[in-house]
Amino acid sequence: MSHYVLVDCNNFYVSCERVFNPWLEGRPVIVLSNNDGCVVARSQEAKQLGIAMGEPFFRIKDLCSCRKVVVYSSNYQLYGDLSERVMTVVASMTQNFQVYSIDEAFVWFPSTMSSQEVVDRCVALRRRIRQWVGIPTSVGIAPSKTLAKIATKLAKKSASGVVDLSCPSLRREVLKGVPIREVWGIGARLEAKCHGMGVQTAWDFCEKNTSLIRRHMGIVGERMLWELRGISCLPLEEEAPSKKSISCSRSFGKAVEDQGTLAEALSFHVASACEKLRQQNSCARAMCVYAMAVIDSSTGGRRCFGTTVSFPSPTNNTPDAIYRAKEALSTWFCPGQRYKKCGVIMIDVIPETSVDPDLFVEEPSSKRRHILKTVDALNERFGKNTIFYGAMGVGREWQMRCESRSRRYTTCWDELAVVMAKGQ
DNA sequence: TCTGGGGTCCTAGGACCC
DNA sequence: TCTGGGGTCCTAGGACCC
């Protein structure tokens, strides 16, 4: 039986902040979503204060100030960079691994390795991530990904930070104590369905008849069943597949009412989306351009405006896409609305290599492609938006709130950490 | 005043084809 | 009298994840 391992960074965003601000250790710390909307990461101390994941910030503002909770806006450049460093360490110590999210990686070890060898490797890996990057992790080991998820959850509460669920009898005891909602893939709806079938714990689920689960929960349910029984159905995906759609959107710091500002914000998102397309060597056949307006501030009622534009030929060309987005905007823009958010979604994304040249559309010359590559390279090297299109605007007053962002210590020359030598 | 952003997979049903 | 069998593609909606 081979071994699936999940390496999960503890309270990742909070841990990133603590790397550069050690005084945050032992204190309640939270990190907010974009636009300082809601809570997306909490330190252990903040969890103990009863602050829930996803809680809107304005509701706990008072609690935070009276309990001295340290509040950060999210700093994705910092988190993204530290995530890459963690993944580099994982890659250096393992053969087969999958980056699953910004703070998680699955690792696979062959059945020729004994459980003890796997545990030893995980302990070493965990120690090295902590020492080289400064991020604490929890590691779970099991015969399937779904069980490894459960093992990792237990590891968060264990002293060693590593939990091995390879032993079937141990697994049985553990699963009896795991509520079905905590199983990977069970959300609110499926939880209710499970309760309806008399399933309360992961173990209850394991004991159900396979065809019954198949009937009620489809192929997804059956896979979960086998995974929980220790038969792996979800393989390691080492190559990140290309995205089939790419979306860029943001809420505004304050409501926007004029077309010019909306056009700037949309151009900004189009530029990000095209950059992402080029990064994965893809083009989009079409693009959805939309904005949301508040129609009733008392209920938060919203109305969505938008259109889908088909490109004459699949593209990842920023200026062309900006032109089309502005054209689209003028078809649905409605004066007097208070827009709260806007964005674009690139759809029908295909590999650049499979774009057939169109006889009737002018081919983007190699010169134009070269310009885009150069822009991307400059922004990669000197920081996001070092150079950008005029259509994206300069002041960008529409940008979201991020009132308490920490410095981008590892990605911005102007924001490096400053170390003072102690005077004599 | 006030609630983020970015994705994936599966299924069912309709349209259409041979 | 009386209407097959097998398949694909597309879309909308549902559910979930971090």
Side-chain angles (χ1 to χ4, degrees), chain A residues 6 8-13 30-42 51-62 64 72-76 79-80 83 98-106 145-146 149 152-153 180-194 214-224 233-235 237 240-255 265 268-269 272-273 276-277 279-280 285-286 288 290 292 294 296-302 308 338 340-349 399-403:
Chain A
L6 177 64
D8 188 325
C9 301
N10 298 344
N11 315 325
F12 184 55
Y13 298 168
I30 59 172
V31 177
L32 303 178
S33 66
N34 275 322
N35 215 22
D36 293 348
C38 46
V39 178
V40 291
R42 307 156 294 157
I51 298 176
M53 185 71 170
E55 181 88 42
F57 179 54
F58 74 90
R59 251 192 239 155
I60 53 159
K61 219 168 183 171
D62 292 342
C64 290
Y72 284 99
S73 302
S74 37
N75 184 345
Y76 286 106
Y79 311 150
S83 169
Q98 168 189 359
V99 177
Y100 176 66
S101 73
I102 193 164
D103 67 339
E104 290 168 280
F106 281 107
K145 283 179 161 182
T146 306
K149 274 266 182 189
T152 305
K153 223 166 234 178
I180 191 67
R181 180 65 170 86
E182 283 178 25
V183 172
W184 192 33
I186 302 284
R189 302 297 177 100
L190 291 181
E191 178 191 28
K193 201 171 238 181
C194 285
R214 174 65 191 239
R215 239 189 349 267
H216 284 87
M217 298 171 69
I219 185 75
V220 181
E222 188 177 339
R223 274 203 288 249
M224 282 193 278
C233 300
L234 303 170
E237 289 162 31
S242 287
K243 304 246 182 288
K244 295 169 184 168
S245 70
I246 287 177
S247 135
C248 292
S249 69
R250 288 288 180 276
S251 300
F252 294 123
K254 54 178 198 255
F268 188 89
H269 300 319
S272 306
K276 289 185 191 175
L277 283 171
Q279 263 167 19
Q280 63 166 34
R285 284 208 176 92
C288 170
Y290 68 94
M292 307 261 249
V294 176
D296 182 352
S297 58
S298 62
T299 61
R302 291 166 173 227
T308 298
R338 304 182 68 240
K340 286 296 290 173
K341 172 181 176 170
C342 73
V344 300
I345 308 173
M346 297 293 175
I347 45 187
D348 263 346
V349 172
Q399 280 195 331
M400 59 193 189
R401 277 190 295 270
C402 63
E403 284 167 2

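Numbers restart at 1 for each chain; the letters A, B, ... are given by sequence-line order, proteins then strands. None of the values given here were measured: they were computed from a predicted structure.
When all heavy atoms of A/F252 and A/N35 are compared, the pair lying nearest together is O-ND2, 3.3 Å. Across all their heavy atoms, A/T308 and A/A286 have their closest contact at CG2-CB, 4.3 Å. A/R42 and A/I30 make their closest contact through CG-CG2, 4.1 Å (heavy atoms, listed as atom of the first residue, atom of the second, distance).
Note on A/N35: nothing from the nucleic acid sits closer than 4.0 angstrom, heavy atoms only. Contacts of A/R250 with the nucleic acid, taken as non-hydrogen atoms under 4.0 Å apart, involve only primed sugar atoms and P, OP1 or OP2. Within 4.0 Å (heavy atoms only), A/S245 reaches sugar-phosphate atoms of the nucleic acid but no base atom. Contacts of A/K149 with the nucleic acid, taken as non-hydrogen atoms under 4.0 Å apart, involve only primed sugar atoms and P, OP1 or OP2. If you check every strand for non-hydrogen atoms under 4.0 Å, A/L190 touches sugar and phosphate atoms only. Within 4.0 Å of A/K341, counting heavy atoms only, lie sugar-phosphate atoms of the nucleic acid but no base atom. Nucleic acid contact class of A/E104 (heavy atoms, under 4.0 Å, all strands): sugar-phosphate only. Among the protein residues, A/I345 comes within range of no part of the nucleic acid, since none of its heavy atoms lies under 4.0 Å from any strand. Heavy atoms of A/D103 sit under 4.0 angstrom from primed sugar atoms or phosphate atoms, though from no base atom. Across all strands shown, A/L32 has no heavy atoms under 4.0 Å from either base or sugar-phosphate atoms.
Distance noted for atom C1' between B/dG4 and C/dC17: 15 Å (whole Å).
Between A/K149 and A/E104, at least one side-chain nitrogen of the basic residue sits less than 4.0 Å from a carboxylate oxygen of the acidic one, meeting the salt-bridge criterion.
A 4.5 Å side-chain heavy-atom check between A/K341 and A/R250 finds every atom pair outside the cut-off. In this structure the side chain of A/V99 never reaches within 4.5 angstrom of the side chain of A/F106, judged on heavy atoms.
The footprint of chain A on DNA chain C, defined by a heavy-atom cutoff below 4.0 Å, extends from C/dA15 to C/dC18.
Summary of the strand contacts: A/S247 and A/F57 both lie near DNA chain B, and taking for each the nucleotide with the nearest heavy atom, the more 5' one is attributed to A/F57. Annotation: of the two residues near DNA chain B, A/V40 and A/K243, the 5′-most nearest-nucleotide partner is A/V40.
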(request) Go ahead and write out DNA chain B as dot-bracket, 5' to 3': ( ) for pairs within the strand, [ ] for ones crossing earlier pairs, | when the partner sits on another strand, dots for unpaired; Watson-Crick or G-U wobble, both distances under 3.5 Å. (result) ....||||||||||||||
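If you check the side chains of A/D8 and A/T152, you find no donor sitting under 3.5 Å from an acceptor.
Under the 3.5 Å distance criterion, the side-chain polar atoms of A/Q98 are matched with a main-chain donor or acceptor of A/E237. A distance-only check finds no donor-acceptor pair linking the side chain of A/S272 to the backbone of A/C248 [under 3.5 Å].
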